[in-house]
Amino acid sequence: MLGKLFDYAQIEPKIIEKARIIIAQTIRENVTNKTFTITLPPPNITGSLHLGHAFTSVIQDILLRVKRQHGYVTLGQPGIDHAGIAAQIVVANQLYEKGISLQSLGREDFIKKVWSWKEQSGDMIVHQLVKLGMSIDLDRLRFTMDQDASKAVLKAFTMLYNDGLIYKAKRIVNWDPILKTAVSDLEVSNKIEPGKMWYIRYQLQQDEFIVIATTRPETIFGDQALAVHPNDERYMHLVDKEVKIPLTNRRIHIIADEHADPQKGSGIFKVTPGHDFFDFDVGKRHNLPILSIMDESACLNNEVPEDFRHLPVAAAREKVLAALAHSGLLEKTEDIVHSVPYNDRSGAVIEPMVTNQWFLETTKLADAAIRAVEDGKVKFVPDQWVHTYFEWLRNIQPWCLSRQIWWGHQIPVWYAPNGKMFCALTEEEAIQQAASYFDVAREFVPKLTQEQDVLDTWFSSALWPFVTLGWPKDSEDLKKYYPTDVLVTGFDIIFFWVSRMIMFSLYFTGDVPFSVVYINPLVRDENGQKMSKSKGNVIDPLYLMDKYGTDALRFTLTLQAIPGRDIRIGESLVECGRNFITKIWNAAKFLTIKECAYDVTFSMYSPNIVNALNKWIIRQMVCFKKQAFAHLENYRLDLFAQSIQKFLRDIFCDVYIEAIKTCDDVETKNTAISVFAEFLKVAHSITPFITEYLWEEMYSDKTMLLVEPWEYSGSIDESPDLTNFWIDVAAEIRSLYGLIGITQKSDLLVIGDEYNGFIQANEHWIKQIARLNSLQFVNKFSRDGIRFIVRGKEFCLKYSEKISVAIFDKKISTLSKDIQRLTLKIDNLQYKNAKPDKWNVDYKFREQKQQDLAKMLEIRGVMT
RNA sequence: GGUCACAUAGCUCAGAGGUAGAGCACUACGUUGACAUCGUAGGGGCCACAGGUUCGAUCCCUGUUGUGACCACCA
């Protein structure tokens, strides 16, 4: 006997335990060669999972479960990410709160701290994944810095290096002065802020000045030229002349460069190659020296006049402006709105700085990645995202791989004292290389020092789909599961991750990493705000699971998996999901109360089913399964969930259960419980706990839904039948009850026809859903009662009181409108010629409506 | 500046070249052999605007307006 409500808190852990072994088995045992693989995006070890993670996870789990149910060897490859900078910040902040500085701790001890944090955060993440009902084998959990992954990363680096795609260069990069590391373009986000444009006078001759507009007056000390457009007639005479940099005695030349835009500012710009990306390029074109005027914390260095040394950018700016104003060199100040580059993770304002960094040459890799998608080897769902993907890859820049932090994969390059670099998998290998390079015995090789920089965390992520399967070894897993099938992720990491995985997979394995990229929508809060800790609108999935049950959360999320749009999730939505879980529970309770016992020998597809209602629900069920499967194939998980909800509520509960309350025959009981079994199989992938529990309670404690297939590939007879007709008649009767306000059961009068037999055989359930006392055959309706029409057939409800004509007026007016609309279509000759089939349907439809209308008018006439 | 979305019921959003849909909210009724975490019935829409294609457009195309996201630029 089932309790009042589904006790998820009690049952979920039991189901998890029961499923664990089977899940692992379906992966480990070679039952079939059909495989389905998803590499789960490894969450960062920066804390616990948020609702967005839960959302992605659930979508993946549904795809996995459905495939597993249908006999695939199903691998959801779990992992967690060391999250380079992000994790370093988290742990550094923890230490800072305890009053410990990184410097005092030292690199080695700091890394130990991060490892112990990794254990803590990793455990939390794993716990959450388990609680979410992820059908994955956690024994396969990988970490981007575990031994094998680390080896693979080094291998990948050396391969790219030996191929000449990785190089070290002094370039201008985005520098984070708080973390004191380079970051990639992608990690910089621009914020629109109010700011100022200052117009500064550069002295040309005694009384002649050139006015330059800038938002960065403190960088004038790094200026190496002023530039005008070569065709700008106003300034052609200035080219090659010299000006003096304000506040200094340094003189720079005026050059001509295409980059100058005569429309902008004064048409002349200052060239500061050390502190501006464009100026860096201009400087290169004109062989200008690069002058760095800042240190790694973005304080001015000894290259600037003494008064301004060691000041951070903001303070330096104030002081420079004051000095300029004082010497009359500040022409004017304008308020403007401009964008300022920030690093979201540290909150630092990014400084373009020239530093020594490792770069990956990406052009060729990108070309291959573009082609793979163009050729359809990788599909995006929804496919609009290919634009985003192409756009980025077609304008790709070299990837700055190096980070000046401690936590991460240390770059496998060793330096000899003379600066010669040896890229190798191990130090020993580097020494060997050095020995042969210097042509000395191993013991005479000068001391080598390893590169201190670590790799961008996305470097290891980009290798993830094949590293988790054993690469660089030619492993069995790689043969079996690679390329993987689907990647599920958010659009925000198409650049960071998706495109780089495709580039690296093509380079290292010669194949695409996956064939489908399912881009799931971004989860926002109820008001459409992005969830963030600072806004305080983050919903913890654990909280929701504890309060409403995991199935409720899973169902709610799936229902929202609408492609191509952000979704809003609030607690009230989860409440609705929970209500649906309760609905499943109550339907099951009804069947057990009715003592429907599962009979494995009963076949729903047997021609021996006699009861029309049973035939009807079986047909509905088959239809539902077909539809559900089609939605899955189109990656429309929202519609998949919707079809599950609709079938159970609108068809199984509202019609079938209501109708069979008066039927106690064996066939009906068998049908009811068998149809419900099919429902549970379909619903299982979204709501694994309640379905698995009900399966165990009502059907079998030996088998699990986890591996019960349900796809129906036979054909269905969709022709309308009398069951449907009578369900509609019942609905019409209920509607009349509602409109008139009848609360008692009444009697229905029917004029006998060739279908009397059907009515007699099905009277019990018709009476039930139409809330009738009796069904009586008559030859003619009397003047009393409520007469009504359903699809041409007239009925009469016994009713002695007078009813309002308004009820009929409304029906008459909608009928008339329908007829009008249909007539317009039918009279259209081109329509008749173009679509004769449809035209015929419309014609018959109108005929029906016209008959209904005529009868309705007649009834209305009788009534008044 | 470029790219991609989006504009449908009070709200959040589905939808298909030919009957406008759901959930929530709202109104009325209701403990009929599961279910008040419920049921039954009901009200509510020039499907942003303007053109075009079509026999027919809310749906396809173009433009306009508005909203959002991303990329780039920012002397």
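On a predicted model such as this, the values are computed, not experimentally measured, just so you know.
At a threshold of 4.0 angstrom between heavy atoms, the contacts of A/Asp492 with the nucleic acid are absent. Residue contacts shown for A/Arg578 include a base, since a base heavy atom lies under 4.0 Å away. Among the heavy atoms of the strands, none lies under 4.0 Å from A/Ser572. Here A/Ile336 lies out of heavy-atom contact (under 4.0 Å) with every strand. Contacts of A/Thr214 with the nucleic acid, taken as non-hydrogen atoms under 4.0 Å apart, involve only primed sugar atoms and P, OP1 or OP2. Across all strands, A/Asp818 comes closer than 4.0 Å to no nucleic acid atom at all (heavy-atom distances). Among the heavy atoms of the strands lying under 4.0 Å from A/Lys810 are primed sugar atoms or P, OP1, OP2 only; no base atom is included. Using a 4.0 Å heavy-atom distance criterion, A/Phe580 is classed as making no nucleic acid contact. Using a 4.0 Å heavy-atom criterion, one finds that A/Ala213 contacts the sugar-phosphate atoms exclusively. Using a 4.0 Å heavy-atom distance criterion, A/Lys838 is classed as a base contact. Counting non-hydrogen atoms under 4.0 angstrom, A/Lys646 reaches nothing in the nucleic acid. If you check every strand for non-hydrogen atoms under 4.0 Å, A/Ala260 touches a base. Among the protein residues, A/Arg846 comes within range of no part of the nucleic acid, since none of its heavy atoms lies under 4.0 Å from any strand. At a threshold of 4.0 angstrom between heavy atoms, the contacts of A/Ile268 include nucleobase atoms, whether or not backbone atoms are also involved.
Projected onto RNA chain B by closest heavy-atom contact, A/Asn395 and A/Lys835 fall at different nucleotides, the more 5' of which corresponds to A/Lys835. Position along RNA chain B of the nearest nucleotide to A/Cys663 versus A/Trp392 favours A/Cys663 as the more 5'-ward residue.
Taking only distance into account, the side chain of A/Arg734 never meets the base of B/U40 through a donor-acceptor pair shorter than 3.5 Å. Under 3.5 Å, the side chain of A/Lys661 and the base of B/A34 form at least one donor-acceptor pair of N or O atoms. In terms of polar N and O atoms assigned as donor or acceptor, the side chain of A/Ser339 comes within less than 3.5 Å of the base of B/C74 in a complementary pairing. A donor-acceptor contact under 3.5 Å links the side chain of A/Glu658 to the base of B/A34. Judged by distance alone with a 3.5 Å cut-off, no donor-acceptor contact links the side chain of A/Lys589 to the base of B/C35.
Using the Watson-Crick or G-U wobble rule with both distances under 3.5 Å, B/A22 pairs with B/U12. Applying the Watson-Crick and G-U wobble criteria (two distances, each under 3.5 Å), B/A57 pairs with nothing in any strand. Base pairing annotation: B/C70 forms a Watson-Crick or G-U wobble pair with B/G2, both donor-acceptor distances under 3.5 Å.
The only option from A/Leu553, A/Thr556, A/Ile569, A/Val523 that meets the side-chain contact (heavy atoms from CB on, under 4.5 Å) definition with A/Phe55 turns out to be A/Val523.
In this structure, the NZ atom of A/Lys811 is 12 Å from the P atom of B/A41, given to the nearest Å. Regarding A/Gln397, its CD atom lies at a distance of 14 Å from the P atom of B/C71, rounded to whole Å. Between the CZ atom of A/Phe491 and the P atom of B/A5 there is a distance of 14 Å, given to the nearest Å. Between the C1' atom of B/A14 and the CD1 atom of A/Ile562 lies a distance of 7 Å, rounded to the nearest Å. What separates OH of A/Tyr831 from C1' of B/U19 is a distance of 11 Å, to the nearest Å. One can place CG of A/Asp842 at 9 Å from C1' of B/U19, the figure rounded to the nearest angstrom. One can place CZ of A/Phe590 at 14 Å from C1' of B/G39, the figure rounded to the nearest angstrom. Straight-line distance from the CH2 atom of A/Trp385 to the C1' atom of B/C71: 12 Å, rounded to whole Å.
The side chain of A/Asn828 sits closest to B/G56 out of B/G56, B/A34, B/G33. The listed nucleotides are B/C74, B/C13, B/C55; the one nearest the side chain of A/Gln830 is B/C55. In this structure, the nucleotide among B/U37, B/C74, B/C4 sitting nearest to the side chain of A/His387 is B/C4. When distances run from any side-chain atom of A/Phe278 to the nucleotides B/C29, B/A34, B/C73, the shortest one goes to B/C73. With distances taken from any side-chain atom of A/Lys825 to the nucleotides B/U19, B/C29, B/A69, the minimum falls on B/U19.
Proximity of A/Lys4 to the phosphate of B/A34: no side-chain N or O atom is located under 4.0 Å from OP1 or OP2. Contact between the side-chain N/O atoms of A/Thr662 and the OP1/OP2 oxygens of B/G33 is not found at any separation under 4.0 Å. When the side-chain nitrogen and oxygen atoms of A/Arg821 are compared with OP1 and OP2 of B/U19, one or more of them lie within a distance under 4.0 Å. Proximity of A/Arg649 to the phosphate of B/U40: no side-chain N or O atom is located under 4.0 Å from OP1 or OP2. Taking side-chain N and O atoms only, A/Ser735 has a distance below 4.0 Å to OP1 or OP2 of B/G42. OP1 or OP2 of B/C38 sits under 4.0 Å from a side-chain N or O of A/Asn579.
Residues A/Asp664 and A/Lys669 have side chains in contact (heavy-atom distance under 4.5 Å, counting atoms from C-beta outward). With a 4.5 Å cut-off on side-chain heavy atoms, A/Ile742 and A/Ile786 count as touching.
The shortest non-hydrogen separation linking A/Arg234 to A/Pro262 is NH2-O, 3.1 Å.
Separating the P atom of B/C4 from that of B/G42 is a span of 45 Å, rounded to the nearest Å. With P as the reference atom, B/G45 and B/A20 are 13 Å apart, rounded to whole Å. A distance of about 14 Å separates the C1' atoms of B/G15 and B/U19, rounded to the whole Å. Atom name P, nucleotides B/C35 and B/U40: the rounded distance is 14 Å, in whole Å. For B/G10 and B/A25, the C1' atoms lie 7 Å apart once the distance is rounded to whole Å. For the P atom pair drawn from B/A48 and B/A7, the interatomic distance equals 8 Å after rounding to whole Å. Spacing of C1' atoms, B/C29 relative to B/A36, comes out at 14 Å, to the nearest Å.
The environment of A/Tyr843 atom OH is sparse: at most 12 non-hydrogen atoms of other residues, nucleotides or ligands sit within 6.0 angstrom.
Using bins of under 30°, 30° to 60° and over 60° for the plane-to-plane angle, the ring pair A/Tyr693/A/Phe6 lands in the tilted bin. Between A/Phe269 and A/His259, the ring planes lie perpendicular to each other; the angle is over 60°, past the 30° to 60° tilted range. Between A/Phe647 and A/Phe624, the two ring planes are parallel [angle under 30°; tilted spans 30° to 60°]. Ring geometry, A/Phe491 versus A/Trp385: the interplanar angle falls under 30°, so the pair is classed parallel (tilted spans 30 to 60°).
Without hydrogens or angle criteria, A/Tyr737 side chain to A/Arg771 main chain gives a donor-acceptor distance under 3.5 Å.
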